[in-house]
Amino acid sequence: MKIGQNKVVELIYELVVDGEIADKTTKERPLDYIHGTGSLLEKFERNIEGLEPGGKFSFTLTPAEGYGEVDPNRIIDLPMEAFAVNGQVQKDLLVPGTTIPMMNSRGGVVPGKVLEVGEKTVKMDLNSPMAGKTLNFSGEIVSVREATEKELKEGLHGEYVHQCCCGGHDGECGDGNCGEGGCCSDGHEGGCHGCH
């Protein structure tokens, strides 16, 4: 069976960034996803579309095809109080280079990298760690099968079940009212695909 829309794909890959292995999977723990549902980078999916089990791939994605360029608007100064837990600022976490899970205005978690620690503020980089990077992928397709109706509705690992309804674009959530049949307000059938 060939990789195409709504196929469940298992694959192993190695990602090389700046000459070093940045990520990899193994045959014992492959990556699996439903093709064509926006789970992976669009250009990644296009590069492996049509392959069958045993098919090998090797391709490079530019920053624009991957996680975009570094956005200076995602480098922000936060008040020191933003890092308080029960009234105590967690100073042991505030070390330049440390990545801290941060909650965005929509309740989603984004990784933030500490750049500088001042007396009253902390400069954080909320860009993806892969922003501005050229991504070199290589790997092999392990298996391809049809997704079940349940997987298409709920996600391969149930990831569509407890997410807010999309309210449009630019990561804004709707009013949480998916309506009859689980349609998002942006027209996606089968439940919400999270806020992007």
Side-chain angles (χ1 to χ4, degrees), residues 1-71 99 101 108-111 127-166 168-171 173 178-179 181-196:
M1 181 175 287
K2 292 185 177 183
I3 296 175
Q5 184 69 35
N6 294 336
K7 300 288 192 286
V8 173
V9 179
E10 278 190 328
L11 58 86
I12 54 173
Y13 73 89
E14 186 173 274
L15 168 60
V16 175
V17 177
D18 297 333
E20 295 187 14
I21 297 173
D23 195 16
K24 66 189 266 183
T25 60
T26 62
K27 283 200 175 176
E28 295 74 40
R29 297 194 61 162
L31 170 71
D32 60 351
Y33 74 101
I34 301 174
H35 194 80
T37 60
S39 300
L40 301 183
L41 294 169
E42 181 183 348
K43 192 75 174 191
F44 184 102
E45 288 194 16
R46 273 201 250 142
N47 274 288
I48 64 170
E49 193 150 337
L51 292 178
E52 298 179 273
K56 294 190 180 342
F57 58 87
S58 180
F59 55 86
T60 298
L61 301 184
T62 66
E65 295 166 329
Y67 293 93
E69 296 294 345
V70 173
D71 180 354
T99 299
V109 176
V110 294
N127 284 286
S128 163
M130 292 295 152
K133 305 285 187 184
T134 298
L135 310 175
N136 302 288
F137 288 99
S138 60
E140 183 179 343
I141 306 305
V142 176
S143 68
V144 181
R145 66 171 174 81
E146 291 287 346
T148 65
E149 285 301 316
K150 182 176 182 184
E151 289 170 336
L152 290 173
K153 184 176 180 195
E154 298 180 6
L156 193 57
H157 303 285
E159 59 268 27
Y160 303 157
V161 175
H162 298 292
Q163 295 189 1
C164 67
C165 282
C166 308
H169 305 285
D170 300 322
C173 289
C178 284
C183 268
C184 293
S185 57
D186 65 358
H188 287 109
E189 291 288 334
C192 300
H193 295 238
C195 297
H196 307 294

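Only this structure's heavy atoms are used, side chains among them; waters, hydrogens and symmetry mates stay out. Everything numeric in this text was worked out from a predicted model, so none of it was measured.
Ser39 contributes atom OG, which lies 9.0 Å from atom CG of Leu31 (distance to the nearest 0.5 angstrom). Annotation: the span from Leu51 atom CG to Phe57 atom CZ amounts to 8.0 Å, rounded to 0.5 Å. Distance NZ/Lys43 to CD/Glu65: 4.5 Å, rounded to 0.5 Å.
Of all non-hydrogen atoms in Asp32 and Glu10, the two that sit nearest each other are CB-CG, 3.8 Å. The two atoms that bring Gly132 and Glu69 nearest to each other are CA-OE1, 3.7 Å, heavy atoms only. Gly155 and Ile34 get closest at one heavy-atom pair: C-CD1, 4.4 Å. Contact between Tyr33 and Leu156 at its shortest, heavy atoms only, is N-CD2, 3.6 Å. Closest approach of Leu41 and Gly66 over heavy atoms only: CD2-O, 3.4 Å.
The shortest side-chain heavy-atom distance between Leu15 and Ile21 does not fall under the 4.5 Å cut-off. The shortest side-chain heavy-atom distance between Ser143 and Val9 does not fall under the 4.5 Å cut-off. Considering only heavy atoms from C-beta on, Glu52 stays 4.5 Å or farther from Ile3 through its side chain. Residues Leu135 and Thr60 fail the side-chain proximity criterion, which asks for heavy atoms closer than 4.5 Å. Using a 4.5 Å heavy-atom cutoff, the side chains of Pro53 and Val144 are in contact.
Applying the 6.0 Å contact sphere to OH of Tyr67 captures no more than 12 heavy atoms from other residues, nucleotides or ligands. In this structure, Gln5 places its CD atom where more than 12 heavy-atom neighbours from other residues, nucleotides or ligands lie under 6.0 Å away.
Salt bridge Glu140/Lys56: present, at least one basic N to carboxylate O contact under 4.0 Å. Salt-bridge annotation for Glu42 and Arg46: present, with a side-chain N of the basic residue lying under 4.0 Å from a carboxylate O of the acidic one. Ion pairing of Arg145 with Glu151 is present here, as a side-chain N (NZ or NE/NH1/NH2) and a carboxylate O approach within less than 4.0 Å.
Judged purely by atom type and a 3.5 angstrom limit, Asn136 uses its side chain to pair as donor or acceptor with the backbone of Val16. Panel note: side chain Glu28, backbone Thr26; no donor-acceptor pair is recorded below 3.5 Å.
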Determine, step by step, whether Met1 and Glu146 satisfy the side-chain contact (heavy atoms from CB on, under 4.5 Å) criterion, reporting the C-alpha distance in whole Å, the side-chain angles of both residues, the deciding distance to 0.1 Å, and the verdict. CA-CA 9 Å; Met1 181 175 287; Glu146 291 287 346; 4.0 Å; yes

Can His35 and Glu45 be said to form a side-chain contact (heavy atoms from CB on, under 4.5 Å), step by step? CA-CA 7 Å; His35 194 80; Glu45 288 194 16; 3.4 Å; yes

Start with the C-alpha gap between Val17 and Glu20, add the side-chain angles, then the distance that decides, and say whether side-chain contact (heavy atoms from CB on, under 4.5 Å) holds. CA-CA 5 Å; Val17 177; Glu20 295 187 14; over 6 Å; no

Apply the test side-chain contact (heavy atoms from CB on, under 4.5 Å) to residues Tyr13 and Asp23: give CA-CA distance (whole Å), side-chain angles for both, the deciding distance (0.1 Å), then the verdict. CA-CA 8 Å; Tyr13 73 89; Asp23 195 16; 2.5 Å; yes

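When the side chain to side chain donor-acceptor pair (under 3.5 Å) test is applied to Asn6, no partner is found at least two apart in sequence or on another chain.
Relative ring orientation between Phe137 and Phe44 is described as perpendicular, the plane-to-plane angle rising above 60° on a 0-90° scale split at 30° and 60°.
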